[in-house]
Trainee: 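Sending over a structure as structure tokens; questions will come in a sec.
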Amino acid sequence: MNIQNQHYRTIWPSTGNLHEILIIDQRQLPHKFVIETLSCLDDAVTAIRDMHVRGAGLIGATAGFGMYLAAANHTGDDFDGCLQRAAKLLDASRPTARNLKWAVDRVLLAVGTGKSDEEKLQICFQTACDIADEDATFCKSLGQHGLEIIKKISKAKKGETVNLLTHCNAGWLAFVDYGSATAPIYAARDAGIDIHVWVDETRPWNQGAKLTAWELQQENIPCTLITDNAGGHLMQKGMVDMVIVGTDRTTHTGDVANKIGTYLKALAAKDNNIPFYVALPSSTFDWELDDGHKIPIEERSGKEITDVSGLTKDGNLATVRLTAPGTRTLNYSFDITPARLVTGLITERGVVEATREAIHALFPEK
Ligand code: MRU
């Protein structure tokens with residue numbers, strides 16, 4: 001992804017000091033572009049829990065590097081115990097995100113082949129780098145599969161603008177590069193297709209307003225910010241051709257956990273005969289759960305609802321309270337869209353129906 005014409009990934013090891021991992025502090029976007037250094041396991045856990053980094057793939061990549069930082073800072077002789085403790089801390093930091101456990105387990109499995117602590121440390125680093133590289137590669141190829149869907153819509157509309165609607169941020173910022181929901185959008189732009197994106201603001205954390213709109217602007221993709229409640233109305237007026245969202249965890253039966261409010265968009269899309277696609281690298285599949293309603297749904301602080309933050313006239317970031325003191329809140333961060341509302345899943349291996357049979361046919365090794 002380009003920021004002011006310079007290519008960045010969302011996480012990378014420092015070239016000067018391999019014990020330092022660099023991230024973009026997403027809490028400050030779009031107002032300030034701040035690169036933060038993670039030097040130890042605690043830094044990684046805090047970055048994930050407090051949303052300096054966020055989004056399925058990036059949480060996974062940060063967890064991979066978090067395991068490496070735990071190993072790099074370890075002293076004493078219980079190297080394996082140190083990694084087990086790190087795994088527990090990381091696993092607990094964002095409960096809904098599947099990529100987190102997937103990445104932590106991948107590092108633990110790889111480390112099992114190491115003969116010495118030095119070799120294990122090297123394996124941790126290499127596995128974390130592989131997780132990040134693979135995330136970027138998978139997103140790039142799912143973009144090519146999603147492109148075919150957009151091409152068909154464009155053809156049916158005889159080249160008129162294809163209007164996509166997205167919720168939250170399943171963009172480059174939520175992954176290592178390209179994004180999931182945004183990868184087909186970037187591919188369509190590169191293929192010369194006329195596209196426009198409706199961006200849901202995504203209360204309460206405003207990932208759409210703060211991140212997706214900014215990210216698309218950086219890439220010169222025409223986009224318009226709308227309130228979360230506007231989508232149904234736009235669909236009724238024929239202003240949406242396709243909904244495309246990401247996911248934090250998708251069961252192998254096709255139920256989708258994504259940012260709160262996704263389910264309502266899927267219902268409105270169904271009622272208006274609009275295709276509703278979910279884009280995901282296979283690292284986001286949960287191969288154990290059959291029922292989306294068994295996915296743990298993270299509850300976050302009510303402060304995300306009662307307070308809003310932004311830029312003051314003098315250029316500082318500030319937070320103000322929106323509500324009367326003592327207002328009660330309930331802040332579920334995700335909801336479940338049942339498979340029956342999903343037109344298709346766009347993965348790195350192709351587009352597949354959201355059914356157990358189709359998903360397993362595409363990933364037979366699972
Ligand atoms: O709470 P977040 O910002 O980490 O939520 C993740 C998301 O951005 C969305 O749910 C997204 O659509 C799926 S992650 C690719």
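Position 1 is the first residue of the sequence; numbering continues from there. Atoms within each ligand, like the ligands themselves, are counted from 1 in listed order.
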Trainee: When you measure from the side chain of T355 to the backbone of G254, do you find a donor-acceptor pair of N or O atoms at a distance under 3.5 Å?
Mentor: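 Flag not set: sc T355 to bb G254 has no pair under 3.5 Å.
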Trainee: Tell me if a side-chain donor or acceptor on N331 pairs with a main-chain N or O of S301 at a distance below 3.5 Å.
Mentor: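 Here the side-chain-to-backbone pair exists.
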Trainee: Within ligand 1, which atoms have a heavy atom of M51 less than 4.0 Å away?
Mentor: 1 (O), 3 (O)
Trainee: Counting from 1, what ligand 1 atoms have a heavy atom of F175 closer than 4.0 Å?
Mentor: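 Answer, ordered by atom number: 15 (C).
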Trainee: Closest non-hydrogen protein atom to atom 8 (O) of ligand 1, residue and atom name please, with distance?
Mentor: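 Heavy-atom neighbour on the protein nearest atom 8 (O) of ligand 1: R54 NH2, 2.5 Å.
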Trainee: Against heavy atoms of Q207, which atoms of ligand 1 measure under 4.0 Å?
Mentor: 1 (O), 2 (P), 3 (O)
Trainee: Give yes or no for whether the N/O distance cutoff of 3.5 Å, strictly under, is met between S333 and ligand 1.
Mentor: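 Such a contact does not occur with ligand 1.
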Trainee: Would you please classify the geometry between the W198 ring and the H196 ring as parallel, tilted or perpendicular, with 30° and 60° separating the classes?
Mentor: perpendicular
Trainee: Should the heavy atoms of other residues, nucleotides or ligands under 6.0 Å from CZ of F33 be counted, would the total exceed 12?
Mentor: yes
Trainee: How does F334 reach ligand 1, by side chain, by backbone, by both or by neither, if only non-hydrogen atoms under 4.0 Å count?
Mentor: side chain
Trainee: More than 12 heavy atoms of other residues, nucleotides or ligands under 6.0 Å from CG of D190: is that the case?
Mentor: yes
Trainee: Under 4.0 Å from a heavy atom of N169: give me the atoms of ligand 1 that qualify, with their elements.
Mentor: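 Counting from 1, the qualifying ligand atoms are 7 (C), 8 (O), 11 (C).
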Trainee: For A170, take its heavy atoms, then give the atoms of ligand 1 lying under 4.0 Å from any of them.
Mentor: 12 (O), 15 (C)
Trainee: Could you pull out, from I48, N258, D335, the option with a heavy atom nearest to atom 11 (C) of ligand 1?
Mentor: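 Nearest option to atom 11 (C) of ligand 1, by heavy atoms: N258.
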Trainee: When you compare the side chains of T251 and T253, does any donor N or O come within less than 3.5 Å of an acceptor on the partner?
Mentor: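 Yes.
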Trainee: Give a yes/no on ligand 1: does V245 have at least one heavy atom closer than 4.0 angstrom to it?
Mentor: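 Judged by the 4.0 Å heavy-atom criterion, V245 does not count as contacting ligand 1.
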Trainee: Note the single closest protein heavy atom to atom 6 (C) of ligand 1, along with its residue, its atom name and the distance in Å.
Mentor: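 Its nearest protein heavy-atom neighbour is D248 OD2, 3.0 Å.
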Trainee: If the contact criterion is a heavy-atom separation under 4.0 Å, does R300 count as touching ligand 1?
Mentor: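 Flag not set, R300 not near ligand 1.
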Trainee: Which protein non-hydrogen atom lies closest to atom 9 (C) of ligand 1, naming both residue and atom, and how far is it?
Mentor: C168 SG, 3.3 Å
Trainee: Hey, does S180 come in under 3.5 Å of ligand 1, counting only N/O atoms on both sides?
Mentor: no
Trainee: Under 4.0 Å from any heavy atom of A56, which atoms of ligand 1 are there?
Mentor: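 Here the atoms of ligand 1 in question are 14 (S), 15 (C).
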Trainee: Which class fits the ring pair Y68 and F65: parallel under 30°, tilted 30 to 60°, perpendicular over 60°?
Mentor: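 Perpendicular: the ring planes of Y68 and F65 meet at over 60°.
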Trainee: With heavy atoms under 4.0 Å as the rule, classify the contact between T284 and ligand 1 as side chain, backbone, both or neither.
Mentor: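 The answer is neither; T284 stays 4.0 Å or more away.
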Trainee: Do N258 and T247 meet the criterion of a side-chain donor-acceptor pair at a distance under 3.5 Å?
Mentor: no
Trainee: Using 30° and 60° as the class limits, which term best fits the ring planes of W172 and W214: parallel, tilted or perpendicular?
Mentor: tilted
Trainee: Is a donor from one side chain sitting under 3.5 angstrom from an acceptor on the other, for D177 and H7?
Mentor: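 A donor-acceptor contact under 3.5 Å links the two side chains.
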